[in-house]
Amino acid sequence: MKIQKLIAREVLDSRGNPTVEAEITLEKGFFGRAICPSVASTGEKEAVELRDGGKTRYNGKGVLKAVNNINQIIAPALSNKVFDNQQELDNFLMELDGTSNKSNLGANAILPISMAFARAAAAFSKEPLYRYLNTDGKFTMPVPCMNVINGGAHADNNVDFQEFMIAPHNAPAFYEAIRMGEETFHALKSILKNKNYFTGVGDEGGFAPNLKSNEEAIEVILEAIEKAGYKPGTDISICLDPAASELWQEGNYVLFKSTQKKYSSNQLIDLWKSWVDQYPIISLEDGMAENDWEGWQTLTNELGSKIELIGDDLLCTNKRLLQEAIDKNACNSILIKLNQIGTVTETLETIALAKKNKYSFFISHRSGETEDTFIADLAVATAAGKIKTGSGSRGERIAKFNQLIRIEQELGKEAVFTGIKAFKNN
Ligand SMILES: C=C(OP(=O)(O)O)C(=O)O
Ligand SMILES: [Mg+2]
């Protein structure tokens with residue numbers, strides 16, 4: 001596949017911040033376009049997202065450096081080059097960058113090219129993206145883990161923990177799971193309204209009320225599940241991402257947004273244990289901070305045989321960090337975000353390592369998203385069994401749900417909805 005043209009531009013993400021779009025045209029006009037998602041709270045070990053800095057354009061958040069790196073450095077280097085597959089292209093990009101964290105050209109320059117090439121290559125082979133990305137002929141439709149209450153760095157409310165998700169798993173198909181989730185989302189809105197709580201939404205489309213406690217977030221969600229006619233735990237369970245790195249201060253965890261209460265690592269683990277005893281929680285992402293490896297090991301000893309413990313900031317979609325977690329028994333599942341690592345190939349390698357070691361994996365959006373639906377195809381192609389991509393009321397999140405509905409219809413009988421089985425310990 002010969003690259004005829006590569007062009008990039010600055011476009012907008014769902015927060016109105018700039019991000020990078022790339023377009024690739026292969027010989028005979030096969031075309032692919034992709035947009036890089038962007039970030040609010042970056043994991044320390046993520047590949048580098050280049051921002052322009054300075055005071056004027058977008059308060060320093062401009063991405064013209066990354067765009068110029070594509071148009072002025074990468075495009076001339078790729079012009080008329082032939083790549084037989086994704087790996088060849090991604091290796092070329094990594095060598096051109098020459099750093100281990102893509103800090104030279106920027107992960108936000110490299111990733112949209114890698115994704116756009118995948119789309120163009122899929123068009124070249126006359127197959128949909130989910131087939132191009134697939135390696136073993138198995139396709140599953142993911143449980144949509146819908147973030148219905150937003151807190152932490154994703155909302156201006158008093159809820160300390162970032163994401164309270166519902167996982168509608170007891171469904172015959174994806175489009176029925178989405179319906180169950182949306183019905184619950186609407187029931188939640190009326191419950192919040194009756195309690196005179198704010199029903200505006202946060203960055204990922206979930207509600208962002210001020211609540212009496214963090215526990216109340218779970219309690220209103222359980223009420224909403226029942227109000228919508230479903231059974232908590234049987235039909236719809238709860239997934240959490242407290243994003244604990246954001247709470248970390250000098251060796252303790254602090255509830256900065258509500259009580260200012262401090263927890264040691266062990267005290268926070270006790271809190272998670274009591275929540276898992278009380279509520280139908282099936283997964284906990286970033287229950288501990290990214291540098292608290294000891295805390296992660298204790299958490300895994302205590303809860304690793306009961307629920308899924310997902311490393312996000314801890315692992316940053318990085319296979320070296322995943323191997324460290326496997327060696328240390330420091331979680332049992334990994335979050336997958338393409339722009340944390342920066343190429344499609346490395347993302348697929350990390351997934352392959354997770355599969356080999358019986359770690360589950362969870363395909364994820366970023367809090368700064370766009371209309372790009374690449375992760376919907378990725379979830380189906382890799383048989384992840386679950387995806388988190390926000391919830392009911394923001395277009396950039398709905399775009400992924402709608403793409404999954406299309407894929408499910410297109411796959412027909414080939415599409416398997418595995419439900420709760422996609423979650424570790426179920
Ligand atoms: C999606 C997340 O948020 P962000 O994109 O801000 O890292 C997350 O923490 O899982
Ligand atoms: Mg997270």
Side-chain angles (χ1 to χ4, degrees), residues 13-17 19 35-49 51 61 107-108 111 142 144-156 159-167 201-206 208 238-248 253 257 272 281 283-292 296 299 307-318 321-322 325 331 333-342 347 350 360-370 372 374-376 378-379 384 386-391 394 396-397 399-400:
D13 77 5
S14 52
R15 292 193 176 96
N17 289 324
T19 186
I35 312 180
C36 193
S38 57
V39 187
S41 49
T42 318
E44 276 178 26
K45 302 155 212 155
E46 291 195 26
V48 172
E49 181 187 60
R51 295 271 170 196
K61 288 186 180 149
N108 52 342
L111 181 66
C145 300
M146 301 162 79
N147 182 5
V148 292
I149 293 199
N150 296 186
H154 292 173
D156 293 326
V159 177
D160 297 286
F161 305 139
Q162 186 175 282
E163 301 173 22
F164 294 79
M165 290 168 270
I166 50 170
V201 298
D203 290 354
E204 294 188 349
I238 290 184
C239 302
L240 299 174
D241 177 8
S245 303
E246 299 289 317
L247 309 173
W248 184 250
Y253 294 89
K257 293 178 84 181
W272 300 142
I281 293 169
S283 77
L284 174 65
E285 175 189 329
D286 280 358
M288 312 308 290
E290 58 201 331
N291 293 319
D292 186 10
W296 271 102
L299 180 72
I307 62 165
E308 191 161 76
L309 299 169
I310 306 165
D312 171 14
D313 289 352
L314 181 76
L315 305 180
C316 289
T317 316
N318 182 316
L321 293 168
L322 174 59
C331 55
S333 183
I334 178 169
L335 201 76
I336 299 293
K337 292 167 166 169
L338 287 147
N339 75 328
Q340 279 182 326
I341 191 70
T347 305
T350 300
S360 56
F361 57 99
F362 192 6
I363 307 294
S364 171
H365 62 165
R366 299 307 308 243
S367 52
E369 265 298 329
T370 71
D372 192 295
F374 197 96
I375 59 168
L378 182 67
K386 50 206 183 261
I387 189 169
K388 67 168 193 173
T389 183
S391 73
R394 290 184 58 133
E396 74 281 4
R397 319 287 151 182
K400 280 66 160 177

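Read the numbers this way: they start at 1 and go in the same order the structure lists the ligands and their atoms. What's counted below: heavy atoms across the whole structure, side chains too, no hydrogens, waters or symmetry copies. What you see is a predicted model; the values in this text were computed from it and never measured.
Shown in contact with E163 at under 4.0 Å from a heavy atom are these atoms of ligand 1, numbered in order with element: 1 (C), 2 (C), 8 (C), 9 (O), 10 (O). Ligand 1 places these atoms under 4.0 Å from at least one heavy atom of H365: 1 (C). The atoms of ligand 1 that sit less than 4.0 Å from any heavy atom of R366 are 4 (P), 5 (O), 7 (O). Every atom of ligand 1 is numbered from 1 in the order shown, and the set under 4.0 Å from a heavy atom of D312 is 8 (C), 9 (O), 10 (O). Less than 4.0 angstrom separates some heavy atom of K388 from each of these atoms of ligand 1: 8 (C), 10 (O).
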Subject >> Test log, rule side chain to side chain donor-acceptor pair (under 3.5 Å), inputs E46 and N318 >> reply: CA-CA 8 Å; E46 291 195 26; N318 182 316; over 6 Å; no

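Using a cutoff of 4.0 Å between basic side-chain nitrogens and carboxylate oxygens, K388 and E285 are scored as salt-bridged.
Counting heavy atoms closer than 4.0 Å to ligand 1, residue D241 contributes side-chain atoms (C-beta onward) but none from N, CA, C or O. At a heavy-atom cutoff of 4.0 Å, ligand 1 is contacted by the side chain of L335 but not by its backbone.
Panel note: side chain E369, backbone R366; a donor-acceptor pair is recorded below 3.5 Å.
Between the side chains of E308 and S360, at least one donor N or O lies within less than 3.5 Å of an accepting N or O. Between the side chains of D312 and Q340, a donor-acceptor pair is found at a separation under 3.5 Å.
With P142 as the partner, the side-chain contact (heavy atoms from CB on, under 4.5 Å) test is satisfied by one option alone out of I387, I375, I363: I387.
Under 2.8 Å from the Mg ion (ligand 2) lies no N/O/S atom of E163, from backbone or side chain alike. For the Mg ion (ligand 2), the set of nearby N, O or S atoms under 2.8 Å includes none belonging to D286. Not one N/O/S atom of D313, from backbone or side chain, sits under 2.8 Å from the Mg ion (ligand 2).
Between F161 and W272, the ring center distance clears the sub-6.0 Å criterion.
Distances from the Mg ion (ligand 2) to the N/O/S atoms of E285 are shortest for OE2. D312 contributes OD2 as its N, O or S atom closest to the Mg ion (ligand 2). Atom OD2 is the N/O/S atom of D241 found closest to the Mg ion (ligand 2).
R15 places none of its side-chain heavy atoms less than 4.5 Å from the side chain of S38.
Across I281 and I307, no two heavy atoms sit closer than the pair O-CG2, 3.3 Å.
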